[in-house]
Amino acid sequence: MFANSVVVLDFETSGMSPDYGDRAIEVGAVKIVDGIMVDQFQSLMNPNFRINGFIEDFTGIDNQMLSAAPDCEEVMQKFHEFLGDSNLVAHNASFDKRFLDAELAAIGARYSGQFACSMLLARRIYQQAPNHKLGTLVSYRNIQHEGVFHRALADALMTAKLWLAMLDDIGDQYQCWGMPFKMVTKLSKTPKKSVAKVLAQYRLEH
DNA sequence: TGCCAGGCCCTCTTTAGGGCCTT
């Protein structure tokens with residue numbers, strides 16, 4: 001069976017590090033229940049400072065848009081409710097996890113699920129891909145996509161489709177259908193050369 | 001963008017260095 005509920009999320013941010021004062025400026029997320037996308041969340045977030053020109057160009061989010069957006073704290077309260085007790089997925093999760101942790105800490109909240117990384121999993125099962133950027137993997141796996149790269153909901157949707165495609169491929173290639181989230185998380189941290197061996201062992205045990 | 005970050009991973013490694021990813 002699939003994990004009960006998984007939220008695939010993506011943050012657009014003012015920079016690379018919350019430890020250096022950067023904030024989230026947009027969050028997008030897709031909720032997957034039993035392998036089906038059932039809900040979405042998207043909101044701009046006003047960090048109450050001006051973002052630089054590179055971020056405006058990179059994301060298409062400008063200071064005027066942010067000045068009209070609700071504060072980060074208000075958005076994160078709603079997003080925390082959206083998360084519930086779901087497990088979490090992001091592409092290069094270590095990046096989004098730092099911002100999620102920082103923004104939730106700012107409102108005195110935290111999440112309870114496990115956090116998995118679609119990039120680490122892709123590095124295991126698509127070892128022949130040209131690289132493991134989100135856009136490259138979407139093309140590599142022939143995933144249909146809508147919207148613009150580097151907007152939160154569009155990237156979250158693409159990551160969600162990639163995640164489901166990878167679960168399908170694990171099933172098809174290794175006869176390991178319906179692998180639990182916990183096992184997929186473990187797989188994403190398995191040394192590359194041991195992936196087939198770990199999957200074969202899992203198949204024998206299930 | 002540039003080089004203010006950081007976790008993962010490979011290798012000419014492990015008392016380290018550098019590329020990949022994310023904005």
Side-chain angles (χ1 to χ4, degrees), chain A residues 7-30 41-63 65-66 69 72 75-76 79 87-106 111 113-141 143 145 147-163 165-166 184-198:
Chain A
V7 169
V8 183
L9 63 93
D10 182 69
F11 282 110
E12 303 306 313
T13 71
S14 66
M16 300 303 285
S17 177
D19 294 338
Y20 281 72
D22 290 318
R23 298 291 302 268
I25 59 172
E26 187 183 39
V27 59
V30 179
F41 186 100
Q42 184 276 328
S43 183
L44 291 169
M45 306 163 64
N46 185 354
N48 287 304
F49 58 77
R50 291 185 64 80
I51 60 171
N52 64 43
F54 168 75
I55 295 295
E56 286 187 313
D57 292 341
F58 187 78
T59 63
I61 299 167
D62 62 33
N63 282 291
M65 293 161 68
L66 292 177
C72 295
V75 174
M76 289 307 296
F79 188 56
N87 289 318
L88 308 175
V89 169
H91 200 69
N92 196 15
S94 66
F95 177 86
D96 291 280
K97 183 178 184 299
R98 286 203 307 277
F99 280 93
L100 179 63
D101 289 344
E103 295 295 349
L104 286 179
Y111 59 88
Q114 296 180 70
F115 215 139
C117 178
S118 55
M119 184 188 74
L120 294 183
L121 183 62
R123 281 177 174 171
R124 302 307 189 281
I125 68 172
Y126 300 144
Q127 297 186 22
Q128 308 307 315
N131 59 57
H132 298 88
K133 296 177 183 178
L134 179 59
T136 302
L137 290 167
V138 166
S139 297
Y140 179 76
R141 189 51 179 71
I143 292 170
H145 63 276
V148 184
F149 281 108
H150 306 309
R151 285 301 297 265
L153 182 58
D155 281 5
L157 274 165
M158 283 185 274
T159 304
K161 290 180 180 179
L162 174 65
W163 183 254
M166 289 194 290
V184 177
T185 304
K186 178 184 174 184
L187 181 65
S188 72
K189 296 175 182 175
T190 298
K192 283 183 185 178
K193 58 186 177 185
S194 302
V195 166
K197 185 178 176 182
V198 168

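A, B, ... follow the sequence lines: proteins, then strands. Residue 1 opens every chain.
Within 4.0 Å (heavy atoms only), A:D10 reaches sugar-phosphate atoms of the nucleic acid but no base atom. Note on A:S14: nothing from the nucleic acid sits closer than 4.0 angstrom, heavy atoms only. Among the atoms of the strands shown, only primed sugar atoms or phosphate atoms (P, OP1, OP2) are found under 4.0 Å from some heavy atom of A:S188. A:L120 comes within 4.0 angstrom of sugar-phosphate atoms only, judged by non-hydrogen atoms across all strands, and of no base.
The shortest heavy-atom contact between A:V195 and A:L187 is CG1-CD1, 4.0 Å. The minimum heavy-atom distance between A:I55 and A:G15, with the atom names listed, is CD1-N, 4.3 Å. A pairwise comparison of heavy atoms in A:R23 and A:C72 identifies NH2-CB, 3.2 Å as the closest pair.
The aromatic rings of A:F41 and A:F79 are tilted relative to each other, their planes meeting at an angle between 30° and 60°.
Within the structure, every side-chain polar atom (N or O) of A:H132 is placed at least 4.0 Å from both OP1 and OP2 of B:dC20.
Scanning for side-chain contact (heavy atoms from CB on, under 4.5 Å) contacts around A:T159 gives A:V8, A:V89, A:H91, A:S118, A:L134, with sequence neighbours left out. A:H132 is linked by a ring pair (Phe, Tyr, Trp, His ring centres under 6.0 Å) to nothing, counting only residues two or more places apart in sequence or in another chain.
Between the NE2 atom of A:H91 and the P atom of B:dC20 there is a distance of 14 Å, given to the nearest Å. In this structure, CG of A:D57 is placed 8 Å from P of B:dT1, rounded to the nearest angstrom. Put simply, NZ on A:K186 is 17 Å from P on B:dC8, counting in whole angstrom units. Atom C1' of nucleotide B:dT23 and atom CZ of A:F54 are separated by 7 Å, given to the nearest angstrom. Taking atom CZ of A:R123 as the reference point, atom P of B:dC20 lies 10 Å away to the nearest angstrom. In this structure, A:L121 places its CG atom 15 Å from C1' of B:dC21, rounding to the nearest Å. Spacing between atom CZ of A:F115 and atom P of B:dT22 amounts to 14 Å, rounded to whole angstrom units. At whole-Å resolution of the value, CE in A:M119 and C1' in B:dT23 are 14 Å apart.
Residue pairs that meet the side-chain hydrogen bond (donor to acceptor under 3.5 Å, both in side chains) test with at least one member in residues 42-53 of chain A, sequence neighbours left out, are A:E26-A:Q42, A:N48-A:D71. Pairs engaging residues 9-18 of chain A under the side-chain hydrogen bond (donor to acceptor under 3.5 Å, both in side chains) rule: A:S14-A:D22 [sequence neighbours left out].
Closest approach to the A:E12 side chain among B:dT1, B:dT23, B:dA5 is made by B:dT23 (side chain taken as heavy atoms from C-beta onward).
Only A:N92, A:S94, A:F95, A:R98, listed by number, bring a heavy atom of residues 92-100 of chain A to less than 4.0 angstrom from any atom of DNA chain B.
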Please enumerate all protein N or O atoms sitting under 3.5 Å from an N or O of nucleotides 10-14 of chain B, with distances to 0.1 Å.
none

